[in-house]
Amino acid sequence: MHERRFSAVFFLVALTNLSAAAGQSSRDTADAIFLGRFVTLDPTRPRATALAVKGGRILAVGEASSLEAYAGRRTEKIDLPGVTVPGLADAHAHVSGFGEQLATLDLRGLDKEEIVARVKGEAAKTPEGDWIQGGGWDEGHFRPSAFPTAEELDAATTRHPVVLDRIDGHSIWVNSRALAEASVSRATADPPGGKVLRDAAGEPTGILVDHATAFVRRIVPAPTPEKAERRLRAALEAYARSGLTIVHDAGADRETLLLYKKLLAEQALPVRVYAMANGRGELVAETLARGPEIGLGEGRLTIRSFKVVLDGALGSRGAQLFEPYADAPSERGLETMGDEEFLGLIRAATAKGFQVNAHAIGDQAVRRALDAFEAAGPEARRLRFRVEHASVIDPADRPRFAKLGVIASLQPMFAGEYARWSEDRVGPSRASWVLATRSLLDAGASLALGTDYPASDSGDPLLNFFCAVTRRAADGTPPSGFHPEERLSADTALRLLTAGPAFAAFQEEDLGALSPGRYADLTVLSDDPLSLPAEKLPELRVRMTIVGGRVVFRE
Ligand SMILES: [Zn+2]
């Protein structure tokens, strides 16, 4: 089934335009005319029935009869089923992480016993001593809802080291063999910005948080280059199938950036990539020296930003809070990057015209990001600095996004997870500060929506749309929605999944609406997302994905 789908990728709709129709200049002859129902998000023509494309860009939008003038002898006419919207974006995704997720155990939604059984099954077919990897577990699905232990994982295997990422990617659950191979013991000190969870006797329990995950991660063998490329391709093809036409990679390492360039040269990037280079390590100097790389290959690849991580994640109690965690009164989270290093990067990036995008989840980390961006002066607005996640925001800080021109990059997909445990973490009053999509908009902020997948329940952009509109998880829970006062209208949510990310990537002239001159990036849906009642939204399907006028997925 999937092979058949893959074969649709890169199916060339129409690239040639060798001759023009009689009496018409080739300048105005379309390569293709798409016919269907279009939601354009262009206020001058919100709805249309035809769209003419030339050279990967939209030539004209209108009614089928009026676009006949653009048809030449070689113009292809393509009927699009359902309703077509501007190409959907994911403003915060982890592409190589997704590729890894596709190749390792997916533990989403499972309880502890199911996870142990899955690892046991994997152990039975894995050579002794080889690593077993997986991700997606969330103790919110365990009963009781507590962090698991190495001992519990030892029941699956002690003949293999096992490392299982928590869904947020900010902590790992390992077995005793992995702890031993990483030499993590009661004598191991917590690294700065990291934590080894310990029992009453001081022994590591098998959960490592944020920078402490490096103890184990650095001894897990890296995938071979071939494997890494296969995984990245698989992730990008999956994005195309899910209806995405662009992903913002929220933290790419050097190998991944090189792979993007390789795939670009081979014309094998099915969707556009806006890659944020990791803002730490030797990649920084290299990337700065190269300067911003904007719109490579007809806008398929852009590298003009850095991603830094100021704190951990809320689920792992790594998010940096001003006041203690409600369920861990001695903890206020972790600072994974200090202000001095952060300000240094902002200065260096600003001098070279790079955007800076800071992961900040706790209210203290969000304020640190805003303070540092404010210190950068007008550059923060010109370079469209972003706070990634901005999950827990003191209401006093909300207006600062608009004031400073800083973009809030949020993930409605987290509504389900937050409904499961955020109140445990931060208590009832701060829970109303979490994922404040509506309040931020009302405070004048520019928003871009993404999923953070695989650090969330799903990377499906239509589910993300559903979550933004209903504040429920993919499975519909909770029925009333997580803080439903933060719901967005369907129209707003669709804009924040298209035009929002386009602005956050300096691409508002090229993407985000179906208007003449922009790239012909289209997502064809089974129905109209703007008129479907909310409870019907989970039935929406992607029929086709079109990037630069080329069909990259067809159902
Ligand atoms: Zn992320």
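All ligand and atom numbering here is 1-based and tracks the order in the structure.
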Any carboxylate oxygen within less than 4.0 angstrom of a Lys/Arg side-chain nitrogen, looking at R233 and E237? no
Do W433 side-chain atoms and P395 backbone N/O form a donor-acceptor pair below 3.5 Å? no
Just wondering, is there an N, O or S atom on [X] that's nearer than 2.8 Å to the Zn ion (ligand 1)?
X	value
H359	no
D452	yes
H94	yes

So among T336, N357, L345, I346, which one has a side chain to side chain contact (heavy atoms under 4.5 Å, CB included) with V308?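 Running side chain to side chain contact (heavy atoms under 4.5 Å, CB included) over T336, N357, L345, I346 with V308 returns exactly one hit, L345.
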Atom of H92 closest to the Zn ion (ligand 1), considering N, O or S atoms: NE2
From the list H483, R471, R487, side chain to side chain donor-acceptor pair (under 3.5 Å) with T437 holds only for R471
